[in-house]
**Q** 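Mind looking over this structure? Questions follow.
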Amino acid sequence: MDKPIENAGSAASSADERRPVLGTQAPDDDFEGGFFEGLLKWASIVLIFLTFPLSIWSCVKMVKEYERAVIFRLGRVKKGAAVGPGLFFIIPCIDTIQVVDLRTVSFDVPP
């Protein structure tokens with residue numbers, strides 16, 4: 001007599017979980033940066049502290065409740081991935097942000 005195989009779907013689903021989605025790229029988790037990235041980061045932080053009253057306006061960003069922000073440090077996704085909603089700190093010379101609106105947009109299609 002054949003026994004029913006339990007958890008047959010779990011083996012297939014665990015293999016599917018490891019497969020990357022087509023067209024996406026996982027962030028480089030093992031990327032720690034190099035000497036020049038560290039040098040640029042510390043030089044930018046020193047510059048921020050030297051020009052503190054003026055630079056604080058470009059360092060603190062706000063993301064609304066219905067938005068998320070992806071922070072790129074020197075072109076790579078930062079470890080935190082998407083942040084928001086709320087306030088967050090960026091280094092102006094090194095970090096760039098891309099704000100994504102999560103609201104549903106609907107269009108009227110004429111007949």
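Worth saying up front: this structure is predicted, and the values here are computed from it rather than measured. Side chains are part of it too, since the values below use all heavy atoms of this structure and drop only hydrogens, waters and symmetry mates. Sequential numbering from 1 along the given sequence is applied to the chain's residues.
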**Q** List the steps, then state whether side chain to side chain contact (heavy atoms under 4.5 Å, CB included) holds for I97 with V70.
**A** CA-CA 6 Å; I97 61 169; V70 180; over 6 Å; no

**Q** Kindly indicate, with the supporting measurements, whether the criterion side chain to side chain contact (heavy atoms under 4.5 Å, CB included) is fulfilled by R68 and V83.
**A** CA-CA 6 Å; R68 297 294 179 268; V83 294; over 6 Å; no

**Q** In Å and rounded to the nearest 0.5 Å, what is the CG to OG1 distance from L74 to T96?
**A** 9.0 Å

**Q** Going through the checks in order, is the side chain to side chain contact (heavy atoms under 4.5 Å, CB included) test met by F88 and V60?
**A** CA-CA 6 Å; F88 56 94; V60 177; over 6 Å; no

**Q** Do S55 and P92 have side-chain heavy atoms sitting under 4.5 Å apart?
**A**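 No, side chains not in contact.
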
**Q** Hey, could you give me the CG/CD distance between L102 and E65, rounded to the nearest 0.5 Å?
**A**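 CD of E65 is found 10.5 Å from CG of L102.
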
**Q** Please round to the nearest 0.5 Å and tell me the distance separating atom CD1 of I48 and atom CD1 of I90.
**A**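 Rounded to the nearest 0.5 Å, the CD1-CD1 separation comes out at 8.5 Å.
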
**Q** Answer yes if L54 and L47 sit in the same cluster of Ile, Leu, Val, Met, Phe, Trp and Tyr residues linked by side chain heavy atoms under 4.5 Å apart, and no otherwise.
**A**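 Hydrophobic grouping puts L54 apart from L47.
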
**Q** Can you list the steps and then say if Q98 with I71 is a side chain to side chain contact (heavy atoms under 4.5 Å, CB included)?
**A** CA-CA 7 Å; Q98 188 73 309; I71 301 175; over 6 Å; no

**Q** Please determine whether residues L87 and F52 belong to a single hydrophobic cluster, defined as Ile, Leu, Val, Met, Phe, Trp and Tyr linked transitively by side-chain heavy-atom distances below 4.5 Å.
**A**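 Shared cluster, yes.
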
**Q** How far does CZ of F49 sit from CD1 of I56, to the nearest 0.5 angstrom?
**A**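 That separation rounds to 8.5 Å.
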
**Q** Would you give the length of the straight line joining atom CZ of R103 to atom CD of E67, rounded to the nearest 0.5 angstrom?
**A** 7.0 Å

**Q** For a quick test of reading the model, state the closest non-hydrogen atom pair linking K64 to P85 and the distance between them.
**A**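 Distance-wise, the nearest heavy atoms are O-CB, 3.3 Å.
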
**Q** Which distance, rounded to the nearest 0.5 Å, do you find between the CD1 of I94 and the CZ of F72?
**A** 15.5 Å

